[in-house]
Participant: 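I am attaching a structure below and will ask some questions about it afterwards.
Below, all heavy atoms of this structure are taken into account, side chains as well, without hydrogens, waters or symmetry copies. One-based numbering, in listed order, for ligands and for the atoms of each.
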Amino acid sequence: MKRLMNNIVFIGFMGAGKSTLAKMLAKEIKTIVVDTDKIIENMEGKKIKKIFESSGEEYFRELEKKVALWLEKSVQNTVISTGGGFIHAENLNKIGKVIYLKSTYDGIIKRLKTHPQTKKKFAKRPLLHDAKKAKELFKKRESLYEEKADFVIDIEKFNNEKEIIKEIMKIF
Ligand code: S3P
């Protein structure tokens with residue numbers, strides 16, 4: 001069994017598959033997985049969509065920063081999936097080794113549109129509701145993801161999630 005000496009942090013745009021792959025990787029290396037969006041939902045007792053509606057995006061970003069500080073201080077040997085904007089947390093690289101799940105914008109949209117629960121996938125993500133704005137956000141974020149990444153995995157090169165996990169396992 002491979003052992004994690006540090007946290008693994010998945011970053012990437014909405015819909016890149018961070019949560020799914022984080023769960024699969026944690027299972028593979030027999031460790032714990034946490035999801036920053038889920039932590040925030042638990043803190044607030046509300047879904048992300050509701051937090052955006054009732055308190056706004058800035059408030060949500062503050063919560064992300066709080067979670068980032070907690071992860072750095074208190075979490076080890078864990079696989080962490082993050083929200084697409086978590087890269088704005090200044091201490092991101094202090095939390096663990098950062099893996100960027102890279103895809104083109106069209107690849108992301110295709111992935112979401114062919115998902116059996118496509119409606120739900122879009123509905124829960126307020127920043128995907130306006131396609132023009134979402135694409136602009138993607139363009140703005142692309143270079144940031146690259147900058148923050150210790151490892152880049154081009155997810156469009158692979159046929160399925162199992163293949164991606166195999167590739168990630170080569171990192172250890
Ligand atoms: C966001 C991504 C979402 C969630 C929130 C904002 C973003 O997470 O944190 O809706 O700013 O990119 P996913 O990347 O899991 O969709």
Participant: Under 4.0 Å between a Lys/Arg side-chain N and an Asp/Glu carboxylate O for E62 and K66?
Facilitator: no
Participant: Would you say the side chain of E64 lies within less than 4.5 Å of the side chain of I40, judging by non-hydrogen atoms?
Facilitator: yes
Participant: Near ligand 1, which residues have a heavy atom under 4.0 Å away from one of its atoms?
Facilitator: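 Protein residues near ligand 1 are M14, K18, D37, I48, F52, F60, R61, G83, G84, G85, R125, P126, L127, R141.
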Participant: Show the nearest heavy-atom pair for residues D35 and S81, with the distance to one decimal.
Facilitator: OD2-OG, 3.1 Å
Participant: Roughly how far apart are E163 CD and I153 CD1, rounded to 0.5 Å?
Facilitator: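 Going from CD on E163 over to CD1 on I153, the span is 12.0 Å.
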Participant: Which residue, K18, R111, K166, forms the salt bridge (Lys or Arg N to Asp or Glu O under 4.0 Å) with E161?
Facilitator: R111
Participant: Please name the pair of heavy atoms, one in L112 and one in K121, separated by the smallest distance, quoted to 0.1 Å.
Facilitator: CD2-CB, 3.8 Å
